[in-house]
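We number each residue from 1, following the sequence as shown.
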Amino acid sequence: MMTAFRDALLRATTLTFDCYGTLIDWDRGLRNAFVDAFGPAIRGRLDELYDVYNRIEAEVESGPYRPYREIIRETLLRVGAHFGMGSGEVHENALVDGLPSWEPFPDTNDALVLLKQRYRLGVLSNIDRDLFKETARHFSVAFDFVITAEDVRGYKPGTGHFQRVIAEHGPASNIVHVAQSLFHDGVPAREQGLAFVWINRYKHGRSGSSTPLAEFRDLKSLAKAVSEL
């Protein structure tokens, strides 16, 4: 497996990344947003909220395309209803308002600076372009390109992002996709023939057909492995 990883990274000219959850601390940001959305009394149910939110967001994203800000507003309202809250009890803009302030993981920027010395860097994200513009201020590098849900009119785990990156920045053999989510990124990346590297910050077990070339606990570990090629 590591031989395949080495070969893929030596051949690659471009690394693409999921943003929220891989570069940006989505877990921390989302849990803080829950308190803003549902009030401080909800703190004791954050783990349950987190699971329900992710399930409902995926359901909403699977429907006809709508801007991400609409997706997350509706998701918060549905989550509130799941927990018996009326729409008037939910601050439905909590995620839209808070997301631009969410910060990178501590290792993100140092790793990106090192990787930028060797590769073109891109982002494939379930986001609106104006929201990503705010997030981009937190990064120490300028990405060579960004492909959003707004651009492809659909959300991962749909394959639109991956088809677009191959069409515009391929061939597929020159691209390695790096992400935390097997569901949103690993499976569709592999379906489109892209090498996939898993950043497993939360020590999850493998599932599905993602078949990562390699697994790292964080971006710092990936950058170190690349520097040793």
Side-chain angles (χ1 to χ4, degrees), residues 18-105 123-135 138 146-162 179-188 199-205 207-210:
D18 165 62
C19 183
Y20 304 94
T22 303
L23 306 178
I24 295 291
D25 192 342
W26 166 265
D27 185 283
R28 179 180 179 184
L30 188 58
R31 289 169 189 270
N32 288 338
F34 288 154
V35 177
D36 294 336
F38 305 117
I42 209 71
R43 289 186 187 277
R45 306 185 72 177
L46 290 181
D47 287 344
E48 184 182 2
L49 269 168
Y50 186 83
D51 291 339
V52 171
Y53 179 92
N54 285 321
R55 175 177 59 79
I56 292 177
E57 185 190 66
E59 292 173 359
V60 177
E61 287 176 343
S62 69
Y65 172 77
R66 287 181 291 165
Y68 189 61
R69 60 185 60 246
E70 294 181 16
I71 295 288
I72 55 182
R73 286 187 186 116
E74 178 171 337
T75 301
L76 283 178
L77 289 173
R78 289 195 188 187
V79 170
H82 177 89
F83 287 94
M85 299 178 187
S87 59
E89 300 176 83
V90 179
H91 177 200
E92 64 187 87
N93 289 315
L95 263 170
V96 175
D97 294 343
L99 191 147
S101 69
W102 295 3
E103 296 181 348
F105 290 100
V123 167
L124 312 183
S125 182
N126 281 352
I127 197 71
D128 298 335
R129 276 198 164 265
D130 64 329
L131 289 173
F132 181 80
K133 184 178 179 180
E134 297 298 319
T135 291
H138 296 291
V146 176
I147 298 173
T148 69
E150 182 178 1
D151 298 323
V152 302
R153 313 296 287 182
Y155 292 93
K156 299 180 292 181
T159 57
H161 293 76
F162 304 98
Q180 181 272 329
S181 176
L182 299 178
F183 171 74
H184 289 97
D185 291 87
V187 171
I199 305 302
N200 188 9
R201 297 182 183 274
Y202 304 112
K203 300 180 180 179
H204 291 160
S207 61
S209 57
S210 56

When you look at Arg66 and Glu74, which way does the salt bridge (charged side-chain N to carboxylate O under 4.0 Å, His left out) test go after all the steps? CA-CA 11 Å; Arg66 287 181 291 165; Glu74 178 171 337; 2.6 Å; yes
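- A distance of 7.0 Å separates CZ in Phe132 from OG in Ser125, rounded to the nearest 0.5 Å.
- Of all heavy-atom pairs spanning Val152 and Gly160, the tightest one is CG1-O, 3.7 Å.
- In this structure, CD1 in Ile42 is found 9.5 Å from CZ in Phe34, a value given to the nearest 0.5 Å.
- In this structure, the separation between CD1 on Ile24 and CG on Leu30 is 13.5 Å, given to the nearest 0.5 Å.
- Residues passing the side-chain contact (heavy atoms from CB on, under 4.5 Å) test with Glu89 are Met85, sequence neighbours excluded.
- The backbone N or O of Gly98 sits less than 3.5 Å from a side-chain atom of Ser101, completing a donor-acceptor pair.
- A pairwise comparison of heavy atoms in Asp128 and Tyr65 identifies OD1-OH, 4.1 Å as the closest pair.
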Evaluate Tyr50 against Arg31 for side-chain contact (heavy atoms from CB on, under 4.5 Å), listing each step before the verdict. CA-CA 7 Å; Tyr50 186 83; Arg31 289 169 189 270; 3.8 Å; yes
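- Of the inter-residue distances, the one linking Ile72 atom CD1 with Glu92 atom CD reads 11.0 Å to the nearest 0.5 angstrom.
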Evaluation steps, side-chain contact (heavy atoms from CB on, under 4.5 Å), between Thr148 and Asp151: CA-CA 5 Å; Thr148 69; Asp151 298 323; 3.1 Å; yes
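- In terms of modelled atom types and a separation under 3.5 Å, the side chain of Gln180 and the main chain of Asn200 share no donor-acceptor contact.
- In this structure, Ile71 and Thr75 approach most closely via the heavy-atom pair O-OG1, 2.7 Å.
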Might you work through the salt bridge (charged side-chain N to carboxylate O under 4.0 Å, His left out) test for Arg73 and Glu70, ending with a clear yes or no? CA-CA 5 Å; Arg73 286 187 186 116; Glu70 294 181 16; 5.9 Å; no
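- A donor-acceptor pair shorter than 3.5 Å can be found between the side chains of Tyr20 and Thr135.
- Rounding to the nearest 0.5 Å gives a distance of 6.0 Å between CG of Leu124 and NZ of Lys156.
- Looking at every heavy atom in both residues, Ala33 comes nearest to Trp102 through CB-CZ2, 4.2 Å.
- Sorted by first then second residue, the ring pair (Phe, Tyr, Trp, His ring centres under 6.0 Å) pairs that include residues 71-95, not counting sequence neighbours, number zero.
- Proximity of Glu61 to Glu57: side-chain heavy atoms (C-beta onward) are separated by under 4.5 Å at one or more points.
- Across every non-hydrogen atom of Arg129 and Glu150, the tightest pair is N-OE1, 2.8 Å.
- The only member of Leu99, Ile127, Asp130 that meets side-chain contact (heavy atoms from CB on, under 4.5 Å) when paired with Arg69 is Asp130.
- The side chain to side chain donor-acceptor pair (under 3.5 Å) test applied to Arg28 returns no partner, not counting sequence neighbours.
- Taking OH of Tyr155 as the start and CG of Asn126 as the end, the distance is 7.0 Å to the nearest 0.5 Å.
- Of all non-hydrogen atoms in Pro188 and Thr159, the two that sit nearest each other are CB-CG2, 4.2 Å.
- Side chains of Tyr53 and Glu48: a donor-acceptor N/O pair is absent below 3.5 angstrom, by distance only.
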